[in-house]
Amino acid sequence: MKKIHWGILSTGKIAGSFTEDIRYVPDAEVVAVGSRNQHTAEAFGQKHNIPKRHPSYQALANDPDVDVIYIATPHAFHAENSIICMNANKAVLCEKAFCINAGEAEKMILSARENNVFLMEALVTRHFPVIHQVLDWIKDGLIGEVRIVQANRCAREEFTLESRVVNPELGGGSLLDLGIYVIGFSSMIFGQPPQKATGFGFIGDYGSDEQGASILEYDNGALAILTFALRTATVNDAYIYGTDGYIKIPDLFAVPVVATLHINGQKEVEFEKPIRGNGLHYQVQEVHRCLREGLLESPRLPLEESLQIMETMDKIRSSWDLKYPNDENNLF
Ligand SMILES: NC(=O)c1ccc[n+]([C@@H]2O[C@H](COP(=O)([O-])OP(=O)(O)OC[C@H]3O[C@@H](n4cnc5c(N)ncnc54)[C@H](OP(=O)(O)O)[C@@H]3O)[C@@H](O)[C@H]2O)c1
């Protein structure tokens, strides 16, 4: 089978982990990296054994040897970076959060459609085998009707303006960096956008949200109760409660290795699937499946859903009166 050639756009933390995990996908090959300067491209290329090292993102986008590009810049640049790649006819896998607001998401989707290229948000959780099992349990009716989802996603980040997770100019804040996991999870379980969103966010000294909690209401009063935080050491677990039982995905639910099914009055059932590396290769396999089948988006995470998730985050943010400095940017 002809290998699919990847380009890596940027050279930060997750770009390194992703490049390492690609080795678990036999028909994938990383052929190029692009950075904002030659020096970092060279260093990254050397470390990860990547032959072509470009001194700009545009040069990577223009590389004729590349089939698909992985975008791993801070959120504030996802839209612009994805669009230059799609305009150069490249398929794109763009890190979460997809971008910073629904207006940008619409522009990205329009670009994918106009250029007739594949685009997917790298929301890793839903590509893990444990999640496929959880969705099967729900589809088979084993916990009855799903009524409540509860999930927490928190981290202890270094709290300085230099950090992309803190700096508002880079799209920093707990909602876009960590809230995306719990909101994306709830969206996957309920398969629809919420009708209402309420909650609170605490805006810290640097102008970004340090922590937040949201309650989302779905059809027929189903609820999601979600927390996300940059400085609070909570457990990172998820529960799906139905009328006949519940499913638990323990810490770290976003990178799941085990889930348990609890049906009222019965012994719990456990499904475990240890991961290799960081587990980022599952989404690469999904991109390959789509590209080989000629799909322009993934049925596991359609573009309309990425847009709806962004709209939900916009709603949550507007209820806190939180704006990003580049919210109003007219990109193009
Ligand atoms: N899926 C996951 O599990 C996961 C985990 C962590 C992060 N992420 C996502 O991946 C993205 C990157 O996260 P990260 O933790 O890898 O970030 P990071 O370590 O800060 O790296 C970001 C990279 O983006 C490039 N960049 C372009 N413009 C920049 C600017 N103005 N300031 C800083 N860097 C800039 C830089 O690469 P060059 O210098 O080479 O241009 C930099 O190394 C985020 O959107 C994040 O949400 C996903």
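We count residues from 1, following the sequence as given. Just follow the structure's listing: the first ligand is 1, and inside any ligand the first atom is 1.
Looking only at atom types and distance, the side chain of Gln211 has no donor-acceptor partner in the side chain of Ser174 under 3.5 Å away. For Ser186 and Tyr218, the side-chain atoms include at least one donor-acceptor pair closer than 3.5 Å. Checking Asn115 against Asn89 by side-chain atom types alone, no donor-acceptor pair falls below 3.5 Å.
The part of His78 lying near ligand 1 is the side chain, judged by heavy-atom distances below 4.0 Å. When heavy-atom distances to ligand 1 are checked against a 4.0 Å cut-off, Asp177 comes that close only through its side chain, counted from C-beta outward. Within the 4.0 Å heavy-atom criterion, the part of Arg164 lying near ligand 1 is the side chain and not the backbone. At a 4.0 Å heavy-atom cut-off, ligand 1 does not touch Phe98 at all. Counting heavy atoms under 4.0 Å from ligand 1, residue Ala72 touches it through the backbone alone. Residue-level proximity to ligand 1 for Asn37 is absent, since no heavy atom of it falls below 4.0 angstrom. Residue-level proximity to ligand 1 for Arg36 is carried by backbone and side chain together, each with a heavy atom below 4.0 angstrom.
Within ligand 1, the atoms closer than 4.0 Å to a non-hydrogen atom of Tyr181 are 1 (N), 2 (C), 3 (O), 4 (C), numbered from 1 in the order shown. Those atoms of ligand 1 with a heavy atom of Lys96 less than 4.0 angstrom away are 8 (N), 9 (C), 44 (C), 45 (O), 46 (C), 47 (O), 48 (C). Atoms of ligand 1 lying under 4.0 Å from at least one heavy atom of Ser10, given by number and element, are 23 (C), 24 (O), 25 (C), 37 (O), 40 (O). Contact atoms of ligand 1 toward Ser35: 38 (P), 39 (O), 40 (O), 41 (O) (distance under 4.0 Å to a heavy atom of the residue). Remark: ligand 1 atoms within the under-4.0 Å shell around heavy atoms of His75 are 44 (C), 45 (O), 46 (C), 47 (O).
With hydrogens and angles disregarded, a donor-acceptor distance shorter than 3.5 Å links the side chain of His78 to the backbone of Ala97. The closest donor-acceptor contact from the side chain of Asp67 to the backbone of Ile4 lies at 3.5 Å or more, if one exists at all.
Closest protein heavy atom to atom 21 (O) of ligand 1: Gly12 CA, 3.3 Å. Protein heavy atom at the shortest distance from atom 19 (O) of ligand 1 is Lys13 N, 3.0 Å. Here the protein heavy atom with the shortest distance to atom 41 (O) of ligand 1 is Tyr57 OH, 2.4 Å. Thr73 O, 3.2 Å is the protein heavy atom nearest to atom 11 (C) of ligand 1.
Not less than 6.0 angstrom separates the ring centroid of Phe200 from the ring centroid of Phe202. Ring-centre distance between Phe128 and His132: not below the 6.0 Å cut-off.
The side chain to side chain contact (heavy atoms under 4.5 Å, CB included) test with Lys96 singles out one residue from Ile309, Val124, Asp177, and that residue is Asp177. When each of Val66, Val284, Thr19 is paired with Trp6, the side chain to side chain contact (heavy atoms under 4.5 Å, CB included) condition holds for Val284 and for no other.
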Problem set entry | Derivation and outcome, side chain to side chain contact (heavy atoms under 4.5 Å, CB included), residues Leu9 and Cys85 | CA-CA 10 Å; Leu9 189 146; Cys85 295; 3.7 Å; yes

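Taking distance alone, with nitrogen or oxygen atoms compared against 3.5 Å, Phe77 stays at or beyond that limit from ligand 1. Considering backbone and side-chain atoms together, Ile14 places an N or O closer than 3.5 Å to an N or O of ligand 1.
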